[in-house]
Amino acid sequence: MDDLTLSERLRQRGVSRRGFMKFCAATASMMALPPLMIPKIAAALEKARRPSVIWLSFQECTGCTESLTRSHAPTIEGLIFDHISLDYHHTLQAAAGDGAEHAREAAMKENWGKYILVVDGSIPLGEGGNYSAIAGISNLHMLKEVAEGAAAIVSVGTCAAFGGLPMAKPNPTGAVAVSDIIKDKPIVNVPGCPPIPTVITGVLAHFLTFGRLPELDHLHRPKVFFGQSIHDRCYRRPFYERGQFAETFDDEGARKGWCLFKLGCKGPTTYNACATAKWNQGTSWPVEAGHGCIGCSEPRFWDAGGFYQALSVPHTKVGETVLTAGAAGLAIGAAAAVLNRKRKAGAVENRETITVKDLSKES
Amino acid sequence: MDANELLAWARGPGFDIALIIFVAGMLLRLLEVISLGKKPDLSAPRGSGVEGGLRTLLARSLPRKAVFDREPLRIINGYVLHLGFFIVLFMYGPHIALFQSILGFGWPALPSGVIDAVGAITILSLVAALVFRLNNKVMRFLSTGGDYVAWAVTLLPVLTGYLAYNHLLLPYTTMLAVHLLSVELLMVVAPFSKLTHMFSFAMARWHQGYKAGQRGVES
Amino acid sequence: MSERVVVDPITRIEGHLRIEAQMNGKQIESAYSAGTMVRGIEIIMRGRDPRDAWAFVQRICGVCTLVHGIASVRAVEDALNYEIPANAQLIRNLMIAAQYVHDHVMHFYHLHALDWVDVVSALQAEPKATSELAQSLSSWPKSSPGYFSDMKNKLKTFVEAGQLGIFAKAYWGHPAYKLPPEANLMAVSHYIEALEWQRDVVKLHAVFGGKNPHPMFLVGGTPNPIDLESDSAINANKLALVQSIIDKMRVFVDQVYVPDTIAVAGFYKDWFYRGEGLGNFLVYGDFPSAEEGSNLRDPMSWWIPPGAILDRNLDEVHEVDLRAGGEVQEFVSHSWYDYEGGKEQGLHPWEGETKFDYKGRGGPDTPYKQLNVEDGYSWLKSPRWKGKAMEVGPLARVLVLYAKGDEATRGLVDSTLSTLGADKRALFSTLGRTAARTLETKLIADKMQDWMDSLMANIKAGNTRTFNEKQWNPSSWPKEARGVGFMEAPRGGLAHYIVIKDEKIDNYQAVVPSTWNAGPRDGQNQPGAYEAALQDNHELEDPQQPVEILRTIHSFDPCIACAVHLTDEAGEEMLQVKIR
Amino acid sequence: MSAPSVEKGIQFIKAQIDAPIASFFSACVHCGLCAEACLFFTETGDPKYTPINKVEPMRRIWEREFTLFGRLKSAVGLAKPVDEDTFAEWETLVYDGCSLCGRCSLVCPVGNDISDMIRKIREGFAAAGHAPEGLIGASTRAVEIGSPMGVKLPAVMAQIKHLRDNTGLDVPVDAKGAEYLVLLSSMEIMNFPEYLEAIARIMHQAGKTWTIASNAFEATNSGIQIGVSDIARQLVLRVVEAAEGLGVKTVISPECGHAFTAIRWDGANLIGRPYKFEVKHILEVLDEFVGQGLIRTEGMEEARLTYHDPCQIARKGGVVKQPRNLLNRIASNFVEMQDTGEMNWCCGGGGGVSANERADELKLTAFNRKKAQLQALGVDTLVTACANCRLTLEEGLEENEMDIPVVGLTEMLAEYLVEDDKEKA
């Protein structure tokens, strides 16, 4: 029974070959793979026993899970029924309490070394890790324990990937990212607050298809989704290039879809696929909805200055700084001026009258 | 410190520090100059000093043929450099946003493509300025370490801005942070280098022009 | 025999919740509700730009992904006495309502249903009989025998594959499951359908806020401008999409959600008589009228008005003033915090202060088996209204609307009760709470059309304003201001308190529905709503499989990340721990 | 009175630094364009003659004394010193290599008045004992004898007598209440007596009362050239006292560049009060006379000629159009040099250079500029309005074996003057 392949399972469940290939094609296009790869994806998926996925939720808001449920290709139901075995996931799993913990332990035991560990949420190290516990076990401890048997770790969301909101200054609980703790496992970061659903599923699909993680950038993000900045792919980019900016919300520029740079858009420094993949099955995305990108997939974006301050504008109170500096300059300058006047007056006063007799050194 | 932290620092404390040094330093420098005073001219005026001061303030921006004919390339390059710098500084949308945040008002931006091209030209012009400085015997003779520092801190913002805009060399965020830091370096260095001329040139022109105006001579 | 039953993690909720139940035989004698995760968001809020606050606090919770954003912008707008364009108010109402409909349906099917529905039992169902059952409930088109036959096959393959995934280790076959196989199959089918449906209807948030989860908000209005001539604004296409979503919501609620609730409830009528607990209900109010220039100062005019019901007395609705010092207070007698003026003190949120004091308040080192319930045992505080523990949420809202004589509410509640053969007392129960959620979903889904119509009328009349720039610039703000932004989140009344000083946040406090409901005991040993509900007539058939606890806890739709919040001076002393 | 010393020199330079000087230093960007305007650089090709470099010692003193950054620099020993060696090294740049022509000031893009700075730095060099012997001698003679060339009153009186004998025209001396006080430069007395004759004829024709002062006939001011304000004041004061004593309305500065600068622009500032009379350059007066119809000319010089603008009169004195008005009346073949008017090239002998024998060779090198200008034009005659220029030009032309006569404009005008008396006679 356990040895049934995916394609066999699908056929049993009345999923047509065509439907299956459609999914494979969607996966391929999402990951920017050539059509030639579709049969390979199909072959890989067909062979697979649904891999076990253990999803640990730490200091999180469940937004990442909510985002996952919005995935339309593959769908959440497709994913959990056909492609993965989601063996532990607080928000979705039926079992609770000991039952839930047993499910986790069983999945680990049965799939040791093979399961995928997905983490959302940061891990608090303050107060001995007591700031967050599940079943009486600290997040830190649980992460280490589950990571040990994982084939790979997917840090979903900016909290797990980079520390996220809990790590925002002053980081009250000493929150850290998964990669700050686990050093000996392949980790792929899927940041975003939350991440784009198809990006989460796309990474899982890539792993299922090829048995390895997609190519990652220096922040361990899959290049295929995080290789370009929002700004570079933004449909409003031409307005930026033309120097046409919305000056405030609901002004003429805003209505015409001009660039939101001046309203604080962090698109230029944000690497994510929002501008191309869009959200909610291509319905829209923040910039399309008239609000600048807040940079939610970038490390420490919470502390990167005000969301409504243009990237080129300092996020401190420049006016006050100028006044302070002006006052300081006037004070130092006044002191220097007094000194200069004194020196100058001294030089003029001490200046002796010169007669022709004083001109020659020899004289 | 990762790129985002660096950028946050450059947009926060870094900018504040630089701005304080720039504003306070420049005020200090200007007050140092002004405090030395100037005696009134008792000779019978032939014209208006104020008129002459204002005229020179503007007219000196144009070269005299006598010297232009001798050094056309250097003078043209000087224009390209200054105009390029000003266009990039004052006509690029994101820069305007910065001035808007300080001044409370903005102005229309030029298309980024124009800024990009002007930026490239400005960089070339700055490189040319260095070549002139190294090759022209007068400039080489006059040059001190300060001249090369001033050149470098002027080039860096333009260069890093260009690299950032075109996504060259470093990841954008890092390059943007480096760009801001280079601007801050410029702001820190400016009051203590010949870059004070950005303000003191006006005083200098005014003084010469005022005197010329009083005498009814051209300047 | 005295036994401590511990359920940790409570799954199919938002966040980290632990329930400890002290048993007296099979009966729960006393229950303890503990939030076991803290982030310290309110510490993080300090010194930030109030206009940015919504994005931070929105991340309190990604399930009720909208509510904190709304409460936050309202708090800032209240502090600044900021007038909001009518369109923005209508758009916000539509977004809040969409959140309700989406969230309640997902809660029912994906978080709550498996407490009542035995997935494995569905394998025994007869597709044809299931179809007949479904067709007897509504005219939902997907109720054919073939459809249910496909669903059954799908489920069968899944179960037989031996990888149960999210359905593993649950309490299948537990005697508390009472539904016949056909009802189970229908519910499981709708579980999957609802997953698909919810994906579509959240697009309403994407239209107005760019994405869901965590749509974008804006102090002073809404970010997306309205311009019928623009391809990059709310235009005719997008409005049509919104209208279609409203239609889709109403059809699903009317034809699937409401009938399913009634059908399932019919098999569990014993749950109409347990799991209530406090008998005190609190509503903050929501859905402001949308006249041009209206602000938030007159909540009595809102569609859901604020009010409090005490001791199940529907004859009197008490007035509620969130600003008044003696009304809303938070206590930390059994929380892992300390107060400057002593742990027995109650503080109004504007004066709110808290200090992490995990060890000092008896917090055990991990790993632990049991919490020290005599001392602190939760990261949640204990909010009280005039000193009383209160329940908030759909039941509270339905009761207040009912008590205030809202016609639609009365009609719907009375007809549902009569269908089920129950009286009004049945509302005060675990199942009453679940039913109230369903009924309010219908009320709200219906109401959405009114707001949509008003929005369209405004646009037709040429009023497309969505943002008021007047107080956008912080230099226009008073030196010091404080405000409260409140709303009714799906889980209950939510209030954000903000103190603004010198254009920055000086203090930020959220008094959150799940804090009311899931909070621990107070100094008078008054239990919180969860605790009281679990202590209300709960017999566990099998303490190893405490499905009864899940039913009652899930009937509240816990949202624990929301519930854990704090304000703190000690934050600065915290070491920033970082492993490299 | 203490002996000249480095300290004294520095002290004097410090006393000269005012807001304009400080603004000039703080604005300099070392662009080097001033060199291109300076004939000492263009003709030698030696960058040390770059005008702004000539005031480097002053810059060092300014930076060290009047800027915070400079004080810090000198506190940590990074500041370049100003010492005996500095003065010795820069002496030839400050005196020999600059004619105070002011051309550099006009081309400086930031507006630095470099020639004014050099004028001021000379105060310190003089005080430090680093003024050239030639200028010291001239100054001593000016103070002690009354004229830098040692011309005494009897020499003037002899000329007057000679003039009276030849033309019958009188030159009033010490005539109280005359409208004009005419000043002479000692060079005119010694080398160009035609000037006095021309004045006498023109004044007579114009019907103006005029005089020369027996105790202040000398217009030149060595104090200005050597850069000692005390001496300059002493010399100016002679003229002022004489003019005010005689009650003249207008003092006429002669065909001498720096004399005009001294009496017209610097005088009032040196004595610390405005004058009670006007000062005009002779060309201004002549142009007025012509303009008012007081004098007329007849006939035209046909030789191809050009006009050399004396720096102090044209560029620094604003007398540019007057000589042209006059020339156009009396010359049919007047051509302009390429750089002319306020952008003229100096003859090379201004600013005390001609009085500084040490600089003779450099002066002649600098003359190459003028030589080239003249060769380009191919003129027969060179007209100017400064005795010092005239002498320098003649010297240069002679050295280069160029046979071009140099003529004073006033004399030339007098040649074409319509003299009613004569006609009548």
Side-chain angles (χ1 to χ4, degrees), chain B residues 28-30 32-39 41-44 46-47 56-57 60-61 63-67 70-71 74-75 78 133 136-144 146-147 150 191-192 194-197 199-212 214-219, chain D residues 17-37 41-42 45-48 50 52-53 66-69 103 105-113 116 264-269 271-275 278-279 314-318 320 338-339 341-343 345:
Chain B
L28 165 71
R29 295 305 305 273
L30 299 183
E32 276 175 353
V33 168
I34 293 165
S35 64
L36 290 168
K38 178 182 162 187
K39 280 192 185 159
D41 188 353
L42 300 172
S43 66
R46 195 195 265 149
T56 302
L57 200 54
R60 196 51 73 89
S61 303
R64 287 183 188 270
K65 190 175 177 305
V67 69
R70 288 182 63 88
E71 288 289 336
R74 261 166 69 198
I75 291 171
R133 189 165 286 286
N136 180 285
K137 62 180 170 186
V138 172
M139 291 186 85
R140 198 172 54 234
F141 174 81
L142 289 179
S143 295
T144 62
D147 289 306
F192 308 105
K194 69 171 182 181
L195 298 174
T196 43
H197 82 273
F199 295 112
S200 57
F201 89 94
M203 298 197 296
R205 286 185 184 179
W206 169 263
H207 285 308
Q208 187 180 156
Y210 189 92
K211 186 169 149 191
Q214 283 235 327
R215 291 186 175 193
V217 303
E218 275 195 51
S219 94
Chain D
I17 296 173
D18 57 3
I21 297 283
S23 66
F24 298 155
F25 280 128
S26 67
C28 178
V29 293
H30 289 174
C31 71
L33 282 179
C34 50
E36 304 301 329
F41 167 74
T42 60
D46 188 339
K48 75 179 177 187
T50 302
I52 197 69
N53 180 51
F66 297 121
T67 73
L68 179 66
F69 197 53
R103 208 166 179 269
S105 297
L106 280 204
V107 305
C108 175
V110 295
N112 291 349
D113 191 350
D116 185 52
R264 175 68 180 92
W265 306 117
D266 290 351
N269 294 315
I271 64 171
R273 65 170 175 82
Y275 300 150
E278 273 188 289
V279 179
R315 180 159 39 244
K316 292 177 140 186
V320 177
Q338 200 199 337
D339 291 323
E342 82 284 350
M343 281 312 287
W345 287 97

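Residue numbers begin at 1 in each chain, while the letters A, B, ... track the order of the sequences. A quick note: this is a predicted structure, and the numbers were derived from the prediction, not measured.
Residue B/Asn136 comes nearest to B/Arg74 through the heavy atom pair ND2-NH1, 2.8 Å, listed as atom of the first residue, atom of the second, then distance.
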Please assess B/Thr196 against B/Arg29 for the test side chain to side chain donor-acceptor pair (under 3.5 Å), listing each intermediate value before the final yes or no. CA-CA 8 Å; B/Thr196 43; B/Arg29 295 305 305 273; 4.6 Å; no

Using side chain to side chain contact (heavy atoms under 4.5 Å, CB included), reason through D/Arg315 and B/Val217 one step at a time and then give a plain yes or no. CA-CA 7 Å; D/Arg315 180 159 39 244; B/Val217 303; over 6 Å; no

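Using a 4.5 Å cut-off between heavy atoms, B/Glu218 contacts chain D through both its backbone and its side chain. Heavy atoms closer than 4.5 Å to chain B are found nowhere in D/Tyr275, neither backbone nor side chain. Heavy-atom distances place the side chain of D/Ile52, and not its backbone, under 4.5 Å from chain B. Of the two parts of D/Glu342, only the side chain, counted from C-beta on, holds a non-hydrogen atom closer than 4.5 Å to a non-hydrogen atom of chain B. For B/Leu28, the part lying near chain D is the side chain, with the backbone staying farther off; criterion is any non-hydrogen pair under 4.5 Å. Heavy-atom distances place both the backbone and the side chain of B/Arg46 under 4.5 Å from chain D. Using a 4.5 Å cut-off between heavy atoms, B/Ile75 contacts chain D through its side chain alone, with no backbone atom that close. Interface residue B/Phe141: only side-chain heavy atoms are found under 4.5 Å from chain D. Contact annotation for B/Asp41: both backbone and side-chain heavy atoms come within less than 4.5 Å of a heavy atom of chain D. The part of D/Thr50 that comes within reach of chain B is its side chain, from C-beta onward, which places non-hydrogen atoms under 4.5 angstrom from that chain. Residue D/Arg264 touches chain B through both its backbone and its side chain, counting heavy-atom pairs closer than 4.5 Å. Only the side chain of B/Arg64 comes within contact range of chain D, with at least one heavy atom under 4.5 Å from a heavy atom of that chain.
Between B/Ser43 atom OG and B/Arg215 atom CZ the span is 6.5 Å, to the nearest 0.5 Å. Atom CD of residue B/Glu32 and atom OG of residue B/Ser200 lie 11.5 Å apart, to the nearest 0.5 angstrom. From D/Leu106, atom CG reaches atom CZ of B/Arg60 across 5.5 Å, with rounding to the nearest 0.5 Å. Note that CH2 of D/Trp345 and CZ of D/Arg103 are 4.0 Å apart. Values are rounded to the nearest 0.5 Å. A distance of 6.5 Å separates CG in B/Leu57 from CZ in B/Arg205, rounded to the nearest 0.5 Å. To the nearest 0.5 Å, the span separating NZ on B/Lys137 from CZ on B/Arg140 amounts to 9.0 Å.
No donor-acceptor pair closer than 3.5 Å links the side chain of D/Asp113 to the backbone N or O of D/Ser105. With hydrogens and angles disregarded, a donor-acceptor distance shorter than 3.5 Å links the side chain of B/Gln208 to the backbone of D/Gly111.
Taking chain B as the reference chain and counting heavy-atom pairs below 4.5 Å, the highest number among D/Ser26, D/Gly45, D/Ala37, D/Gly32 is found for D/Ser26. By number of non-hydrogen pairs under 4.5 angstrom with chain D, the leading residue of B/Ala66, B/Gly146, B/Ser143 is B/Ala66. Ranking D/Cys28, D/Ala268, D/Pro274 against chain B, the residue ahead of the rest is D/Ala268, based on heavy-atom pairs under 4.5 Å. Top candidate by heavy-atom pairs under 4.5 Å with chain D, chosen from B/Val138, B/Thr144, B/Val67, is B/Val138. Contact count versus chain B (heavy atoms, under 4.5 Å) is highest, among D/Asp339, D/Val29, D/Val107, for D/Val29. Interface remark: of the candidates D/Thr67, D/Asp116, D/Ile21, D/Thr67 forms the most heavy-atom pairs closer than 4.5 Å to chain B. Highest contact tally toward chain B, considering only D/Gly318, D/Pro20, D/Ala27, D/Ala22, is held by D/Pro20 [criterion: heavy-atom pairs under 4.5 Å]. In terms of heavy-atom pairs under 4.5 Å with chain B, the best-connected choice from D/Cys108, D/Ala314, D/Cys34, D/Gly341 is D/Cys108. Most heavy-atom pairs under 4.5 Å with chain D: of the set B/His197, B/Lys211, B/Met203, this distinction falls to B/His197.
Ring geometry for B/Phe192 versus D/Phe69: interplanar angle of 30 to 60°, hence tilted.
D/Asp18 is not listed as a side-chain neighbour of B/Lys39, based on a closest heavy-atom distance of 4.5 Å or more.
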